[in-house]
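These notes concern the structure reproduced below.
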Amino acid sequence: MKTKITGRVWKYGDDVNTDVIFAGKYTYSISDPAEMAQHALEDLDPTFTQRVHPGDIIVAGKNWGCGSSREQAVICLKQAGVAAIVARSFARIYFRNCINHALPIVTCDAVDGVESGEELTIDFAAGTVTTPGGVYTFPPFSPEVLEILEDGGLIPHARKQLGIKE
Amino acid sequence: MGQTFAEKVLARKAGLEAVTPGQIVTVRPDRLLTHDNTADISQKFHRIGVQRVADPTMSVIVLDHVTPAASETYAANHKLIREFVAEQGIAAFYDVGEGICHQVLPEQGHAWPGAVIVGSDSHTPTYGAFGAFAAGIGRTEAAAVMATGQIWLRVPESIKIRIHGTLPPHVTAKDVILHVIGDLRADGAAYCSVEFTGETVRALSIAGRMTLTNMAAEMGAKNAVVEPDATTRAWLAGRVTHPYAEIHADPDATYSRVVEYDVSDLAPQIAKPHTVDNVVPVTEVVGTQIDQCLIGTCTNGRLEDLRAAADILRGRHIASSVRLLVLPASRAILLEALAEGIISDLVASGATLLNPGCGPCLGAHQGCMAPGEVTLSTANRNFKGRMGSKEAFIYLGSPATVAASALAGVISDPREA
Ligand code: SF4
């Protein structure tokens, strides 16, 4: 995992639920991650999938990812190239799913300092998000969470713990 | 410094003196619940590359979501699960007809005070009614728990909800929790451990306590708990045979929020479409036309729920414009209800009896709704599209409210039934 990333921002509001991130109707019909990416945020922002670039960062208000526990709502964004999500707060199971799929997430109020299309920089080591409107701080990841992120997610992490070679 | 329930359980499990909110701990859960989603989880488990689960006694698997199988796809999933259970030597497997996971797991002695239980279902917090620490997790996590026997958990902040007053007639735990969710909103307890306390909670049966902890998930709680007492011990006697150490929060523990309610004058409550926190007293929606009524689910499918409905419906008949679906939460409850004559009363009044399980709750079979239709249900969720059509409407209420409404064909006040 890089300790510092800079990316272009997609900004959204409060209470974005897992249904608009990845619609329930696809949960049993689409299992290919690449295909999941084609439907990311479909019901919230139809322009997203055509214009997202690898390394882009989602910035949002409170309670991002509320609703169902579906992991596809994390996988579709990761596959679409999203490098991190910065929100005021996250729904609990969504938060866990991000860590377990190695999509870095940051809890802070950066949504107040940036607009869609602008850039921001996350410094994971320093615990800062630098936006055009100011610098926001967040508590660093705990060593356990950092290790899962660095291992590339929970499955590779479990393989490492169990001593399973590729 | 005093510790909350969640802090105490997680510290003990992690082998630490004390923990603080926000800290991450790694623990070995006492039980891992999975249901029909075990098919997918077992495939994720195999992808990790291990042959055997870390601890076959940790797993509790209940087939409940779409049982009996509604199609070939579901049947194939169930078959895969039975093969996985046999291959891994998992003893705590409950097949089609035993009931809903959140009812069967405690009935079979897998929940006890101080236990740490994780489950790949968002209503796993239900087991807090027995003094356990119980939280929902994702499928990949469930697979990793099977492989490693461990899970990381963030120590949650705690909220205390103290409830006072004697509940008026026909007002139940369901009305209390709907009222609380309407007040605190859908993210009111996000990430938090919720401790329910106060004399009203103490006076509730285990069934009523389970309704509270079950629905805490609808305000974002990580887990919810009711302190174990004589009621808990009496219920667990004969079900949990090994010794356990109860965990009680310290009186001087630190809470991020303490909320008090007096329910002495509470009216029956209804959650209107399409969110659980859209709550009003029943009097505001009396007269709303309904097409289907549902009594059951992990929220309100227990004996006292069926009894409350039978007390209203006995010797009368439901409106001809309405279908009433009744599904006991487990085989044990069905047997008790049969013995008490409750089932005959309900069926004679026009109810359609379904097998113990989730049934129509998740919109996969057994009572899906058409566009424009309205269901009044005792379940815990009324999200758009949950029971079939996205253009259908779901209201939530107590078993008494649903029974009174089934008689009239419109939403009705059970105090007047
Ligand atoms: S009854 Fe409904 S809410 Fe409860 S476990 Fe089954 S599907 Fe989920």
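Per chain, numbering begins at 1; letters A, B, ... match sequence-line order. Here the structure is a predicted model, which is why all the values come from computation and not from measurement.
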### Task
Starting at CZ of Arg92(A), measure out to CD1 of Ile137(B) and round the result to the nearest 0.5 Å.
9.0 Å

## Note on the structure
Closest non-hydrogen atoms of Asn97(A) and Gly138(B), given as atom of the first, atom of the second and distance, are OD1-CA, 4.0 Å

### Task
With a 4.5 angstrom heavy-atom cut-off, could you sort out which part of Glu218(B) is near chain A: side chain, backbone, both or neither?
neither

### Query
Which answer fits Phe95(A), side chain, backbone, both or neither, if we ask what part of it has an atom under 4.5 Å from a heavy atom of chain B?
side chain

### Message
Taking side chain as everything from C-beta outward and backbone as N, CA, C, O, which of these in Ser120(B) sits under 4.5 Å from a heavy atom of chain A? Side chain, backbone, both or neither.
### Response
neither

### Message
Between Glu71(A) and Thr140(B), does the side-chain hydrogen bond (donor to acceptor under 3.5 Å, both in side chains) criterion hold? Intermediate values first, please.
### Response
CA-CA 8 Å; Glu71(A) 296 174 328; Thr140(B) 300; 2.7 Å; yes

### Message
Quick check for you: to the nearest 0.5 Å, what is the distance between Ile151(B) atom CD1 and Arg96(A) atom CZ?
### Response
4.5 Å

## Note on the structure
Ranked by heavy-atom pairs below 4.5 Å to chain A, first place among Ile48(B), Thr148(B), Asp40(B), Asp121(B) goes to Ile48(B)

### Query
Counting only heavy atoms not in Lys384(B), do more than 12 sit closer than 6.0 Å to its NZ atom?
no

### Message
At a heavy-atom distance under 4.5 Å, which candidate from Ala190(B), Ala143(B), Ser122(B), Ala147(B) has the highest pair count against chain A?
### Response
Ala147(B)

### Task
To the nearest 0.5 Å, tell me how far Gln51(B) CD sits from Ile164(A) CD1.
8.5 Å

## Note on the structure
Applying a strict 4.5 Å limit to non-hydrogen atoms, the region of Ala217(B) in contact with chain A is neither

### Task
Can you measure from NZ (Lys62(A)) to CG (Asp187(B)) and round to the nearest 0.5 angstrom?
4.0 Å

### Query
Checking heavy atoms, do the side chain of His101(A), its backbone, both or neither come under 4.5 Å from chain B?
side chain

### Message
Nearest 0.5 Å, please: how far is CZ in Arg185(B) from CG in Asp15(A)?
### Response
10.0 Å

### Query
Does Glu72(B) CD have over 12 foreign heavy atoms under 6.0 Å away?
no

### Task
Working to the nearest 0.5 Å, report the span between CG of Leu154(A) and NZ of Lys44(B).
11.5 Å

### Query
Taking side chain as C-beta onward, heavy atoms only, is Ile155(A) less than 4.5 Å from Arg47(B)?
no

### Query
Is there a side-chain contact between Ile99(A) and Trp152(B) (heavy atoms, below 4.5 Å)?
yes

